[in-house]
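Encoded as structure tokens, the structure appears first; notes follow it.
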Amino acid sequence: MQIGEILIKRLPDAEFLERAEIAKPGFINLHLSSPWLARQAGAIAQDGPDYYKIDLGGGKKVQVEFVSANPTGPLHFGGARNAAIGDALSRLLENSGYQVQREYYVNDRGAQMKTFARTLWRRYQQLFGMDVTIPSDGYPGAYMIDYAEKIKAAYGDTLLSLPDEEIPARFRELGLKIVLAELEHDLALMNVHFDAWFSEQSLYDNGDFDRVYAILREQDDLYEKDGAVWFRASKYLKSDRDEVFIRSNGEPGYFASDIAYHYNKFIVRGFDWVINVWAVDHQNQAARLPGTMKALGIDPERLTIVLYDLVTLKRGGKEIKISKRAGEIVTMREVLEEVGADAARYFLLSHSNEARIDFDIDLAVAQNSENPVYYIQYAHARVASILRKAEAAGLTPGSDHLDLLTCSEELALLRKMLQLPEIVVNAVERLSPHHLPHYALDLAKTFTNFYGHCRVLSDDPEQKELTEARLMLTLATKTTLAYVLSLMGMSAPEKM
RNA sequence: GCCCCCGUAGCUCAGUGGACAGAGCGAAGGUUUCCUAAACCUUGCGUCGCAGGUUCGAGUCCUGCCGGGGGCGCCA
């Protein structure tokens with residue numbers, strides 16, 4: 001308490017400070033000056049979203065790799081959470097002084113791709129009445145028949161006469177093309193767009209894998225055992241388990257691809273920082289991969305893996321059961337078509353990454369106050385409506401009398417807006433976008449409270465100055481709501 | 001067996017070692033000749049899973065336990 005008193009006496013006079021006081025155990029409470037607060041309405045409205053831009057990154061090149069589901073079928077709804085998180089992180093970083101690249105890693109080689117091509121070939125043959133069955137370990141989903149139909153539409157029966165040895169590569173290539181186009185289309189439904197689709201196979205075609213292999217060989221990080229080539233993970237990690245690098249069948253394993261891929265990210269492409277968004281079922285690999293960067297001379301701190309937990313879908317409080325074995329999955333597209341991108345993104349972002357989500361479809365589509373998405377967007381639409389009405393009445397926002405904004409609802413709204421940079425810094429530092437939806441709801445609530453207590457528009461000439469000031473506050477609210485919605489990748493409707 | 005995540009209000013969830021643990025929804029009551037009633041206000045709402053420990057101070061850190069989920073592959 002005594003220290004506090006001394007500190008208070010030494011506080012410089014700042015225009016934003018109204019007063020400082022000491023509270024119970026020894027807290028110093030600084031009170032913002034109301035006139036200063038009121039002036040921020042003008043600053044926000046004038047600067048637009050730039051008012052909130054901060055520079056945490058100093059122009060550093062950061063890559064956010066997300067979704068990256070195997071290109072063997074439509075995206076499962078769980079992938080939508082990955083997309084929501086990855087894209088929101090990208091948006092947060094972009095607005096915090098980082099240069100961001102969004103990347104989708106395409107696992108276009110390996111066993112599952114071969115199985116995919118084989119299944120596709122069989123489905124194609126079936127379309128011509130041939131009595132063949134799909135492989136027992138193949139992909140039983142009906143979407144494979146759709147893919148085969150597309151190939152039939154483009155090529156007719158001409159592929160039936162392909163030489164046997166050309167079939168796997170041809171169907172792999174055709175299938176991949178179809179799936180990638182579908183992934184891009186479905187992700188666009190969620191307003192997610194990638195800057196790069198990075199092919200795993202390219203690592204083997206462009207020599208990155210060979211270079212990494214040579215480096216590791218040189219460092220004696222590789223050894224042979226049981227007919228396979230192993231990476232000495234134990235040299236770099238607190239672990240007694242090594243990683244298979246090249247399998248006994250001669251094929252590089254996923255770890256070999258991963259390390260070559262990150263060599264490419266850091267050494268070839270020169271990213272300062274790489275963020276991978278992975279589902280929790282990769283938690284073990286997530287714990288190990290950064291440490292193995294040391295083998296490439298890369299600081300493990302430069303690789304961050306964001307893990308998120310799974311999503312279960314509910315309808316009317318009841319879980320929707322899916323059977324992956326039978327190929328019955330709930331796709332991202334189905335859910336997006338039902339609930340829309342905005343609601344999906346809001347709910348998928350509203351939980352901390354580590355928490356599981358019960359996604360309630362009924363709530364997401366509800367058009368009432370139970371649904372925070374509508375509440376928030378409605379607040380924006382209401383703001384827009386007031387501004388439209390003002391314009392029609394010849395009233396314009398003005399900064400000359402902002403000191404008239406003195407009532408508690410007005411000041412609370414201003415304070416809430418000024419919290420946003422703090423929210424953004426926190427979300428970036430912890431890579432936790434879930435603070436955004438909570439803040440947005442808070443802000444919408446604070447605005448609606450203001451709206452209920454303070455009439456903005458007035459045709460009374462004596463109220464003109466207050467009206468101009470409140471219009472300025474309203475405009476600042478519009479800027480702020482629209483900005484926080486854009487960080488989440490959601491739309492800010494002018495009308496509802 | 002070892003490792004990771006979760007457990008906070010009736011429900012869904014926030015909570016960065018600091019003040020009396022917060023929001024929304026639901027509930028109860030009230031408001032509206034008025035800029036979008038898709039609204040607003042008021043009220044009540046807690047053994048922070050349990051038990052120890054560290055600390056001036058713990059929902060937060062440590063240990064153990066209980067409950068739920070996940071991971072420990074020559075799959076990715």
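A note on names: the letters A, B, ... follow the listed sequences, proteins ahead of strands, and every chain is numbered from 1. Because only heavy atoms are used, hydrogens play no part in the values below, and waters and symmetry mates are left out as well, while side chains stay in. Nothing here was measured: the structure is a model prediction, and the numbers come from that model.
Taking atom C1' on both nucleotides, B/A28 is separated from B/A19 by 31 Å, rounded to a whole Å. Taking atom P on both B/U60 and B/G17, the two are 11 Å apart, rounded to the nearest angstrom. Only the C1' atoms considered, B/G26 is 11 Å distant from B/C45, to the nearest whole Å. The gap from the P atom of B/G22 to that of B/A9 amounts to 14 Å, rounded to the nearest Å. B/G7 and B/G44 have their C1' atoms separated by 25 Å, given to the nearest Å. Spacing of C1' atoms, B/U8 relative to B/A21, comes out at 8 Å, to the nearest Å. Atom P of B/G10 sits at a distance of 23 Å from the matching atom of B/G69, rounded to the whole Å. B/C62 and B/C3 are spaced 14 Å apart, taking the P atom of each and rounding to whole Å.
Nucleotide B/C13 forms a Watson-Crick or G-U wobble pair with B/G22, both donor-acceptor distances falling under 3.5 Å. In this entry B/U33 has no Watson-Crick or G-U wobble partner, no candidate having both defining distances under 3.5 Å. Using Watson-Crick or G-U wobble geometry with both donor-acceptor distances under 3.5 Å, B/A28 finds its partner in B/U42. Across the strands present, B/C48 finds no partner; the criterion is a Watson-Crick or G-U wobble pair with both atom distances under 3.5 angstrom. Look at B/G59: it lacks any Watson-Crick or wobble partner with both distances under 3.5 angstrom. When both distances must be under 3.5 Å, the Watson-Crick or G-U wobble mate of B/C2 is B/G71.
Map A/Thr448 and A/Asp281 each onto its nearest nucleotide of RNA chain B; the residue landing nearer the 5' end is A/Thr448. Looking at which nucleotide of RNA chain B each of A/Asn70 and A/Ser432 is closest to, the 5′-most match is held by A/Ser432.
Within 4.0 Å of A/Asn107, counting heavy atoms only, lie sugar-phosphate atoms of the nucleic acid but no base atom. Using a 4.0 Å heavy-atom distance criterion, A/Gln283 is classed as a base contact. Within 4.0 Å of A/Ser257, counting heavy atoms only, lies no atom of the nucleic acid at all. Counting non-hydrogen atoms under 4.0 angstrom, A/Ala111 reaches nothing in the nucleic acid. At the heavy-atom level, A/Ala381 lies under 4.0 Å from base atoms of the strands shown. Residue-level contact check: A/Phe255 touches neither bases nor backbone, having no heavy atom under 4.0 Å from any strand. Using a 4.0 Å heavy-atom criterion, one finds that A/Asn449 contacts the sugar-phosphate atoms exclusively. At a threshold of 4.0 angstrom between heavy atoms, the contacts of A/His434 are confined to the sugar-phosphate backbone, with no base atom among them.
Taking 4.0 angstrom as the limit, A/Lys389 places a side-chain polar atom (N or O) nearer than this to OP1 or OP2 of B/U36. Checking the phosphate oxygens (OP1, OP2) of B/A37, a side-chain nitrogen or oxygen of A/Arg382 falls inside 4.0 Å. Between A/Ser350 and B/C13, a side-chain N or O to OP1/OP2 separation shorter than 4.0 Å is absent. Side-chain N/O atoms of A/Arg356 include none lying less than 4.0 angstrom from OP1 or OP2 on B/C13. At B/U16, one or more side-chain N or O atoms of A/Arg430 fall inside 4.0 Å of OP1 or OP2 (strictly under the cut-off). Put simply, A/Tyr375 has a side-chain N or O that comes within less than 4.0 Å of OP1 or OP2 on B/C40. Look at A/His435 and you'll find a side-chain N or O under 4.0 angstrom from OP1 or OP2 of B/G15. When the side-chain nitrogen and oxygen atoms of A/Tyr308 are compared with OP1 and OP2 of B/G69, none of them lie within a distance under 4.0 Å.
Residues A/Asn107 and A/Gln112 bring no donor and acceptor atom of their side chains to less than 3.5 Å of each other. Counted by atom type alone, A/Ser257 and A/Glu200 present one or more donor-acceptor pairs between their side chains at under 3.5 Å.
The base of B/A38 lies outside donor-acceptor range of the side chain of A/Tyr378, with no N or O pair under 3.5 Å. Between the side chain of A/Ser385 and the base of B/C35 there is no donor-acceptor pair of N/O atoms closer than 3.5 Å. Side-chain atoms of A/His438 stay outside donor-acceptor range of the base of B/A23, with no qualifying N/O pair under 3.5 Å.
When distances are taken from the side chain of A/Lys445 to each of B/G24, B/G70, B/C35, the shortest belongs to B/G24.
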Give the intermediate values and the outcome of side-chain hydrogen bond (donor to acceptor under 3.5 Å, both in side chains) for residues A/Asp205 and A/Gln201.
CA-CA 6 Å; A/Asp205 298 338; A/Gln201 181 61 44; 3.1 Å; yes
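If you look at A/Phe198 and A/Tyr104, their ring centroids are not closer than 6.0 Å. Taking the six-membered ring for Trp, A/Trp273 and A/Tyr98 have ring centres closer than 6.0 Å.
With A/Phe66 as the aromatic partner, A/Arg102 does not meet the cation-pi criteria of under 6.0 angstrom to the ring centre and within 45 degrees of the ring axis.
Atoms OG and CG, from A/Ser68 and A/Asn276 in turn, are 7.5 Å apart once rounded to the nearest 0.5 Å.
For A/Trp230 and B/C74, the CH2 to P distance is 6 Å, given to the nearest whole Å.
Between A/Arg118 and A/Asp137 there is a salt bridge, since at least one side-chain N of the basic residue sits less than 4.0 Å from a carboxylate O of the acidic one.
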